[in-house]
Amino acid sequence: MDNLRTLVVSKKLWCVHKQLVLLLTPLVFLPLLFTLPEKEGKCLYVVVLMAVFWCTEALPLAVTAMLPVCLFPTLGVLPSKKVCPQYFLETNFLFLSGLVMASSIEEWGLHRRIALKVLTIVGVKPAWLILGMMLTSSFLSMWLSNTATTAMMLPIASAILESLFGDLETLKQKCKSTEEGKDDIMNVPSEKQILSIDRMDGIEQTDMRTSEEIRIESEYQMKVWKGFLICIPYAASIGGTATLTGTAPNLILIGQLKSYFPDCDLINFGSWFAFAFPLMLLFLFLGWIWIAFLYGGLNTRLCYKKNNHRAEAEARARALIEEDYRKLGPLNFAEGAISFFFVLFAVLLFTRDPKFVPGWSVFFKKGYVSDAVTGVIIVSILFFFPSQKPSLSWWFDPQASNSPYVPLLSWKKAQDSVPWNIILLLGGGFAMAKGCEESGLASWIGGHLQPLAEVPPAAAAVLITAFVACFTEFASNTATIIIFLPVIAELAIRVTINPLYFMIPATVGCSYAFMLPVSTPPNSIAFASGHLMVKDMVKTGFFMNILGILSVSLAMNTWGVAMFNLNTYPQWAQPMNKSAVITNVLFPSVQSFNATL
């Protein structure tokens with residue numbers, strides 16, 4: 001009876017756990033207002049409340065992001081005229097322009113054409129198809145949202161898998177039935193098994209393999225199926241790191257750099273792509289090797305053909321992909337126009353100020369043209385450029401259709417496609433960073449992190465990346481980087497290390513959430529298919545996290561050092577480092593690292 005009562009109470013408490021978090025959290029952390037320095041304590045109180053609400057999702061993420069608007073002014077941390085402008089900085093406009101461009105690509109189905117074309121090129125052997133899925137997903141997620149990419153690619157993957165192996169439920173039943181009869185030397189298949197095998201092998205005769213052979217083949221097919229499903233969300237998360245607009249944490253890094261270090265102009269769309277794209281390719285290749293090895297796609301059939309039932313299934317899969325691509329027909333005027341503006345969008349962002357050569361921004365007043373200006377110019381054109389090929393003869397042809405003029409993109413479509421909650425989330429992050437800076441909280445926290453200066457900087461960067469990657473398994477990657485980036489920046493200042501040496505790995509690492517279905521929306525979408533288990537994601541994702549951390553470390557200590565001059569403490573960080581002389585005396589080992597990095 002007592003156990004039953006406890007169970008009932010537990011269920012009741014769980015039903016109202018979000019409300020309890022909302023009520024109890026402000027009371028539990030109330031001592032912060034009285035035990036710390038006045039402004040620092042008040043700012044830390046707001047930061048802790050937001051961190052708890054974000055991690056528990058007691059409030060919608062966007063609503064939590066708006067708390068600084070009411071709490072900073074009322075607690076005396078920051079006036080509202082300084083808080084509110086943080087919610088629509090130029091970084092938000094760059095993000096918005098990327099989302100609008102992505103919605104136009106989705107509107108005309110260009111993303112599906114790209115996906116099918118890549119799959120026709122890579123081939124249909126399981127390992128190559130997994131590579132094709134990963135390459136396509138990562139490329140699309142550089143421009144589209146990771147969630148939209150995953151949602152678009154999973155149905156394509158499922159159709160290919162059904163052409164390779166037949167219906168999944170039939171495959172599961174066959175695994176069970178062959179498992180039950182695996183002691184038989186020869187298995188006489190049932191009528192249902194014969195029909196399913198006929199569908200898979202394209203033959204009209206009974207499969208005379210033993211039950212053990214059928215079981216092994218079925219298990220192999222199930223593993224490949226899981227590999228297909230799991231590689232898509234992982235590749236989408238990896239691909240989003242390659243461009244500034246690919247994922248929100250990249251933009252938060254830019255926004256907080258501009259807030260903390262206004263003179264730092266090292267990172268823009270082009271320089272970030274030059275650093276992050278090779279990193280993405282490296283991690284994508286290592287991830288493909290791991291997934292293909294783990295799920296049976298990497299075997300001796302990778303590089304040569306063999307005439308068996310697998311080859312016949314692969315031929316059907318190739319025919320399916322080619323047929324789907326043919327159904328799209330030739331490239332129409334709207335798709336061609338979107339392709340042109342998409343390429344123009346990317347080229348202009350890359351070449352505005354590539355750092356190693358003068359960009360086209362030199363033709364304008366210095367400091368006036370940013371990536372946000374470029375993005376808004378291009379996407380504005382989409383709202384009036386025609387989706388049908390213009391023709392002068394239309395004006396003189398009374399028989400021609402007088403259908404309304406249709407631009408490439410309507411505002412309604414853009415409005416429906418843009419995740420406005422993420423825009424508010426970005427703004428909340430910038431407002432929090434501004435509060436930490438103005439109140440002195442960042443400096444106060446940095447002062448308590450000085451013991452970490454004894455850790456070698458290279459090891460500290462790895463530990464920071466690993467910690468952020470683990471934390472983001474349980475919390476939104478955007479919320480994670482908003483919470484930790486100000487602390488990481490202050491830590492770098494305290495130990496006189498180039499702040500980018502710590503901030504870039506943390507930013508990239510918070511996108512490496514692979515272990516749990518709840519870690520990212522793409523993981524949740526793949527898990528919701530019902531064919532993956534939590535243990536599959538944990539087993540695969542744990543080693544993926546390790547590969548990601550090592551890849552980031554390699555990138556930072558090789559081409560990252562050369563690109564961002566990480567072996568010296570930069571002039572743009574000097575004004576923030578009020579205790580630089582003291583730190584240099586206390587921690588000379590850090591200076592030796594700067595000299596040898």
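Computed from a predicted structure; not experimentally measured.
The environment of Phe333 atom CZ is dense: over 12 non-hydrogen atoms of other residues, nucleotides or ligands sit within 6.0 angstrom. The neighbour count for Phe285 CZ, taken as heavy atoms of other residues, nucleotides or ligands under 6.0 Å away, does not exceed 12.
Residues passing the salt bridge (Lys or Arg N to Asp or Glu O under 4.0 Å) test with Glu335, sequence neighbours excluded: Arg113. Qualifying side chain to side chain donor-acceptor pair (under 3.5 Å) partners for Thr56, counting only residues two or more places apart in sequence or in other chains: none.
Between Val100 and Ser97, every side-chain heavy-atom pair lies at or beyond the 4.5 Å cut-off. A 4.5 Å side-chain heavy-atom check between Tyr512 and Ile549 finds every atom pair outside the cut-off. Taking the side chain as every heavy atom from C-beta outward, Ile378 and Leu344 approach each other to under 4.5 Å. The shortest side-chain heavy-atom distance between Ile252 and Thr507 does not fall under the 4.5 Å cut-off.
In this structure, Trp54 contributes its side chain and Leu61 its backbone to a donor-acceptor pair below 3.5 Å.
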Self-check item: Audit row: Met556, Phe275, side-chain contact (heavy atoms from CB on, under 4.5 Å) steps and yes/no
Solution: CA-CA 9 Å; Met556 291 301 298; Phe275 166 77; 3.5 Å; yes
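Leu408 and Ala337 make their closest contact through CD1-CB, 3.9 Å (heavy atoms, listed as atom of the first residue, atom of the second, distance).
For Thr520 and Asn523, the side-chain atoms include at least one donor-acceptor pair closer than 3.5 Å. With 3.5 Å as the limit, one finds no donor-acceptor pair spanning the side chains of Thr374 and Asp371. Side-chain atoms of Tyr501 and Asn567 form no donor-acceptor pair, as typed in the model, at a separation below 3.5 Å. At a cut-off of 3.5 Å, with distance as the only test, no side-chain donor of Tyr234 or Thr540 sits close to an acceptor on the other residue.
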